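As structure tokens, the structure follows; a few thoughts come after it.
Small disclaimer: the values here were computed from a predicted structure and weren't measured. Chain identifiers are assigned alphabetically (A, B, ...) following the order of the sequence lines, protein sequences preceding nucleic acid strands; residue numbering begins at 1 within each chain.
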Number of protein chains: 2
Amino acid sequence: MTTTILELRHLETIQALADTGSVSKAADRLYLTQSALSHQLKVLETHYGAPLIERGAKPLRFTAIGQRLLELARTVLPQVAEARRDVARHTQGRAGTLRIAVQCHNCFDWLMPAMDTYRTLWPEVELDIISGFLSDPLPLLERAEAELAVIHDAPAPRDDLVFHPLFRYESVALMSPQHRLSAKAWLSPEDFAAETLITYPVADDMLDVMKHYLGPARVNPKRRTAELTVAILQLVASGRGIAALPAWTVGNYIERGYVVSRPIGAQGLYCQLYAATTRAAAQATYIDEFIALTRKQSLSELKGVSALA
Amino acid sequence: MTTTILELRHLETIQALADTGSVSKAADRLYLTQSALSHQLKVLETHYGAPLIERGAKPLRFTAIGQRLLELARTVLPQVAEARRDVARHTQGRAGTLRIAVQCHNCFDWLMPAMDTYRTLWPEVELDIISGFLSDPLPLLERAEAELAVIHDAPAPRDDLVFHPLFRYESVALMSPQHRLSAKAWLSPEDFAAETLITYPVADDMLDVMKHYLGPARVNPKRRTAELTVAILQLVASGRGIAALPAWTVGNYIERGYVVSRPIGAQGLYCQLYAATTRAAAQATYIDEFIALTRKQSLSELKGVSALA
DNA sequence: CTAGCCTATGATTCAAATTCATATTTTTCA
DNA sequence: TGAAAAATATGAATTTGAATCATAGGCTAG
């Protein structure tokens, strides 16, 4: 009778489809294969006897019934999420603390908006940022001085900690539009050698370019440091050197022609962010939700950011 | 991450649990086994680490988190149903006609309320009742003079028609409280033999007692007929004879002591109602929904009615 | 205490969702 | 336009997990 072929899973898919604009990207976000979503869609479409999306449309358009199901997803999924939170509040202890240890300057760019959203969902959770800019924040977790640590790259699996993938971003080289290197399609380690590299005043292993590109290539350019991103960009714009920053931090400046960006290496330099928690904390819904929310919000609002397996 | 263990299926289960007050009854309603629901519950409960229902409570009480999920089900499921209707309106032709052929007098008791509810959900569907009180309404389906026929008992499977189970009800014998047979716990065919049987003025094979009980026993009591249920009951109450009617039609009269009821046969006489449609009509969502709604509403509002496999 | 009803559970079966491998289509850019 | 890259579709294999079956355990009422 009321054979409910439709499940929440499908609504998640439809929402991801709308958010990402493509089947493959939606699959990434949902931690599924593209094939899985394609099959899911086919099941729904044969069930309804009509397509949900218009095949061969670049920004992915929904048909009328696709729209209607999307609307359903948009109203229903938040209600489900809210119920989940309420249930978690009942089953797990009342409130909780969430102290977040961050390594990198730029992380504030996405952490702050995510925290703002989170606060509306979990008002009772005490949120804190611990920013000593330590090169290794994991000991903070062990010593129970933080519940969550944002770290670069996937560390070796550990018994006591869990690593949750956040997202992947591209670090790009920045230079003034007049800079001689702007003629190149991408920068090699040698290109950096003769330049002044403008960075935050932190250790090398906290700088993506050094750790993953120039370090392995044994290139160590001259340095100049600035505390603030704007200061770095100002130095870059005035030709004092080149910098390397995550693509998302500089989108505006590039659009305005203030500076130009070039890939680091032929393939570009991609970096990965993970959230680390203790195994216990990973069980707590309020922490789990913070990670999921951060991930989702960052993926949809930051440029040049993509999902991570 | 946001591992949605919860699915619409679970919400359906929780709602059925609340509606029926027991796991087994809920299973019947959902066309699942009791075991299936028990397993479902266990999955949810181990996931949340807490029970959803209080074990060993007769009318089945929900825990706090069970309540919360029930609340979710009650808000979400209607939204999903509405979306389903909207999608059906898009994919299948605009409006539709639904002409219902009924065999039995009593069917109006549950058909009318169901039709009222249905009209609010599918206002564009033209609803009609065809009540010639024919003993076999199936030809009406074949001749496309009706879209749905309510019939007694499961007929032999046919290629061109689909039979949808509606529900099971008990037909009970009715007599005045002073009647000598009221001393018996249940009535045998012989008990009927010496009595006057008061019935609607229709053929024998449309009367449950005759068709399924007295007919096979070759008992053919004296008759007296009346058009209206109240008239039959009046005759019964005044000792002019006994009657046999579905339990749900006479609930009030029995409670007030106007008449008393006794099972027909030691096990009671149970009858089955089915909705028949053409195979094509069974595909149409608006017809399918009518059947589902009728079934559900009758099961929850009529006394002495139970689910049918 | 026993019969009857309801629920729980392990084992098995069955269905369905996902992945894998690959084909097909579409897009991009030289 | 052609070739490479990206995105999507699809059949088969695999894996997951949901339902049933068979049965045991509990509770209630007579």
Side-chain angles (χ1 to χ4, degrees), chain A residues 1-14 16-47 51-63 66 168 170 185-186 263 266-268 270 304 306-307 309, chain B residues 1 3-14 16-47 51-63 66 185 263 266-268 306-307 309:
Chain A
M1 300 310 79
T2 316
T3 310
T4 299
I5 198 110
L6 190 73
E7 281 291 356
L8 290 181
R9 169 165 24 96
H10 302 292
L11 296 184
E12 300 271 11
T13 296
I14 288 169
L17 239 31
D19 290 350
T20 63
S22 101
V23 179
S24 332
K25 297 215 194 77
D28 283 350
R29 166 179 300 201
L30 296 171
Y31 291 123
L32 291 173
T33 60
Q34 170 269 323
S35 179
L37 290 211
S38 194
H39 282 293
Q40 264 193 27
L41 274 178
K42 204 171 66 166
V43 167
L44 288 182
E45 296 186 330
T46 58
H47 175 250
L52 299 193
I53 59 179
E54 293 173 14
R55 304 308 153 121
K58 201 53 221 201
L60 183 66
R61 281 176 50 77
F62 282 89
T63 63
R168 221 169 74 103
E170 184 179 4
W186 51 271
Q267 314 304 322
Y270 288 89
S306 59
Chain B
M1 294 315 78
T3 310
T4 299
I5 196 109
L6 190 73
E7 283 289 358
L8 290 181
R9 169 166 22 98
H10 302 292
L11 297 184
E12 299 271 10
T13 295
I14 289 169
L17 240 30
D19 290 350
T20 63
S22 100
V23 179
S24 332
K25 296 214 194 78
D28 283 350
R29 166 178 301 197
L30 297 172
Y31 291 122
L32 292 173
T33 61
Q34 170 269 321
S35 178
L37 292 210
S38 194
H39 281 293
Q40 267 192 26
L41 274 177
K42 204 172 67 164
V43 167
L44 288 182
E45 295 186 332
T46 59
H47 175 251
L52 298 192
I53 59 180
E54 292 173 14
R55 304 307 153 124
K58 205 55 216 202
L60 183 65
R61 281 176 49 79
F62 283 89
T63 63
Q267 313 304 325
S306 59

### Query
Between B:T20 and B:L60, is a side-chain contact (heavy atoms from CB on, under 4.5 Å) present by the stated rule, with each step listed?
CA-CA 9 Å; B:T20 63; B:L60 183 65; 5.7 Å; no

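Out of C:dT18, C:dG10, D:dT10, the shortest distance to the side chain of A:S35 is found at D:dT10. Among the nucleotides C:dT18, D:dT10, D:dT8, the one closest to the side chain of A:S24 is D:dT8. Side-chain proximity of B:S22 to the nucleotides D:dA19, C:dT7, C:dT19 is greatest for C:dT7. Of all nucleotides listed (C:dT19, D:dA7, D:dA9), D:dA9 comes nearest to the side chain of A:Q34. Side-chain proximity of B:A36 to the nucleotides C:dC6, D:dT20, D:dA9 is greatest for D:dT20. Residue B:R9 has its side chain nearest to D:dA19 when only D:dA9, C:dT19, D:dA19 are considered.
When A:I14, A:L52, A:T46 are each tested for a side-chain contact (heavy atoms from CB on, under 4.5 Å) with A:L41, only one passes: A:L52.
Taking atom CD1 of A:I5 as the reference point, atom P of C:dA17 lies 7 Å away to the nearest angstrom. A straight line from CD of B:E7 to C1' of C:dA16 spans 13 Å, rounded to a whole angstrom. D:dA7 atom P lies 14 Å from atom CD1 of A:I53, rounded to whole Å. Rounded to whole Å, the distance from CG on B:L17 to C1' on C:dT7 is 12 Å.
In this structure, A:H39 forms no aromatic stack with the base of C:dT18, since the conditions of centre separation below 5.5 Å and plane angle below 30° are not both met.
Under 4.0 Å is where a charged nitrogen must lie from a carboxylate oxygen, and between A:E12 and A:R29 no such pair does.
Judged purely by distance below 3.5 Å, without hydrogens or angles, the side chains of A:Q34 and A:S24 never pair a donor atom with an acceptor atom.
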